[in-house]
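All values reported here derive from a predicted model rather than from experimental measurement. Heavy-atom basis, side chains included; hydrogens, waters and symmetry copies ignored.
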Amino acid sequence: MKIMVAIKRVVDYAVKIRVKPDKTGVETQNVKMSMNPFCEIALEEALRIKESGLASEVVAVSMGTAQCVDTLRTGLAMGADRGIHVEATGALYPLSVAKLLKALVEVEKPGLLILGKQAIDDDCNQTGQMVAGLLGWPQGTFASKVVLDKENQVATVDREVDGGLETLSLDLPAVITTDLRLNQPRYATLPNIMKAKSKAIKKFTPQELNVEIKSDLEVVQVTEPPKRKAGVVVSSVDELLDKLKNEAHVI
């Protein structure tokens, strides 16, 4: 079985985000970029499935500018067998990404598609659900545990919901999106980083996949959240209660 994993290049989680002066987006020039943390978890899970003998190949997919190849190389260094880069210069919104993934699935014929539940730059949490809908595949979102039954071609997924855990049984092929507690991603070792340089990365364009890139979304303005007001120190419980009641109006 082949597993396809979608990975995204985003601003590193440790970077303090700065909004552009014209408020059209966030600053990405001369900013450290890395693989989306949820995508790392998705790739790690695919690698663990392969290492357990339940999959034969892991293919990493990334979409965007030429710099996405660096993110793919990181995925290859972690252990992915090969990469696919869909080169696109404009903004890619969830529906466009889902359509591109659907086209790649039709080319690659994977038995399982794994994605992070969301990207930390836009927090959309839509792509996995959309691609499952386009493919007509069953989906298990927010997965905290994945167990494959290769013989019966079934995946059992424990997913995190508001009330606790929900267990789903999915017929393969299926789409799974990963949550934070599914696993702890590995670090790429130096030998694997060197090996990754010789692994194949196939390039596509949206036109080659017969996907028209367009969006029904328009970013009107990006602004920083309002700064929090400084706290105050109270000298007694009575003073605290007075402020909560008469100033904050929460009691």
Side-chain angles (χ1 to χ4, degrees), residues 1-10 34-63 68 71-72 74-86 92 94 97-120 124-150 153-160 166-186 188 201:
M1 182 180 70
K2 182 190 299 181
I3 301 177
M4 181 182 288
V5 183
I7 58 179
K8 187 177 183 181
R9 181 176 184 264
V10 299
S34 61
M35 189 188 302
N36 177 50
F38 290 104
C39 298
E40 285 186 311
I41 294 169
L43 182 56
E44 174 66 27
E45 191 64 20
L47 295 174
R48 292 187 185 190
I49 292 171
K50 181 191 172 187
E51 289 165 356
S52 68
L54 297 173
S56 57
E57 186 181 30
V58 175
V59 182
V61 178
S62 190
M63 303 173 188
C68 289
T71 307
L72 276 175
T74 301
L76 295 174
M78 286 176 67
D81 298 289
R82 56 189 175 90
I84 296 175
H85 176 216
V86 180
L92 290 174
V97 174
K99 289 178 178 179
L100 290 169
L101 283 173
K102 177 180 181 288
L104 288 174
V105 165
E106 291 169 351
V107 172
E108 291 288 332
K109 304 277 192 295
L112 187 62
L113 176 60
I114 307 181
L115 308 87
K117 71 169 184 177
Q118 66 193 72
I120 62 171
C124 281
N125 180 21
Q126 295 174 340
T127 305
Q129 293 88 328
M130 286 179 171
V131 72
L134 292 172
L135 288 167
W137 287 8
Q139 59 179 302
T141 55
F142 317 131
S144 59
K145 183 180 179 182
V146 177
V147 178
L148 291 189
D149 183 345
K150 191 175 181 181
Q153 288 293 290
V154 169
T156 302
V157 176
D158 289 350
R159 60 187 300 264
E160 300 193 13
E166 180 181 65
T167 301
L168 302 177
S169 181
L170 311 175
D171 293 329
L172 298 178
V175 176
I176 294 175
T177 71
T178 58
D179 212 331
L180 192 64
R181 280 162 286 279
L182 179 59
N183 60 49
Q184 180 68 41
R186 69 192 68 187
I201 295 180

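Proximity of Val107 to Ile84: side-chain heavy atoms (C-beta onward) are nowhere separated by under 4.5 Å. Between Val59 and Leu104, the closest side-chain pair of non-hydrogen atoms is not below 4.5 Å.
Under the side chain to side chain contact (heavy atoms under 4.5 Å, CB included) criterion, Ala46 pairs with Ile3, Val5, Val58, Ile114, not counting sequence neighbours. Taking the side chain to side chain donor-acceptor pair (under 3.5 Å) definition, one finds that Gln129 meets it with Asn125, sequence neighbours left out. For Pro173, the side chain to side chain contact (heavy atoms under 4.5 Å, CB included) criterion is met by Trp137, not counting sequence neighbours. Under the side chain to side chain contact (heavy atoms under 4.5 Å, CB included) criterion, Ile120 pairs with Val10, Tyr13, Asn36, Pro37, Phe38, sequence neighbours left out. With sequence neighbours left out, the salt bridge (charged side-chain N to carboxylate O under 4.0 Å, His left out) criterion links Glu44 to Arg48, Arg186. For Lys99, the side chain to side chain donor-acceptor pair (under 3.5 Å) test picks out no residue, with sequence neighbours left out. Partners of Arg82 under the salt bridge (charged side-chain N to carboxylate O under 4.0 Å, His left out) rule, at least two apart in sequence or in another chain, are Glu57, Glu108.
Of all heavy-atom pairs spanning Val175 and Gly128, the tightest one is CG1-O, 3.7 Å. In plain terms, the two heavy atoms of Ile7 and Thr71 that are nearest each other are CD1-O, 3.8 Å.
Within the structure, salt bridge (Lys or Arg N to Asp or Glu O under 4.0 Å) contacts touching residues 170-180 (residues at least two apart or in different chains) are Lys117-Asp179.
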Atom pairs and distances, side-chain donor-acceptor, residues 139-147, under 3.5 Å, sequence neighbours left out:
{"from": "Thr141", "atom 1": "OG1", "to": "Arg159", "atom 2": "NE", "distance (Å)": "3.4"}
{"from": "Thr141", "atom 1": "OG1", "to": "Arg159", "atom 2": "NH2", "distance (Å)": "2.7"}
{"from": "Ser144", "atom 1": "OG", "to": "Asp158", "atom 2": "O", "distance (Å)": "3.2"}

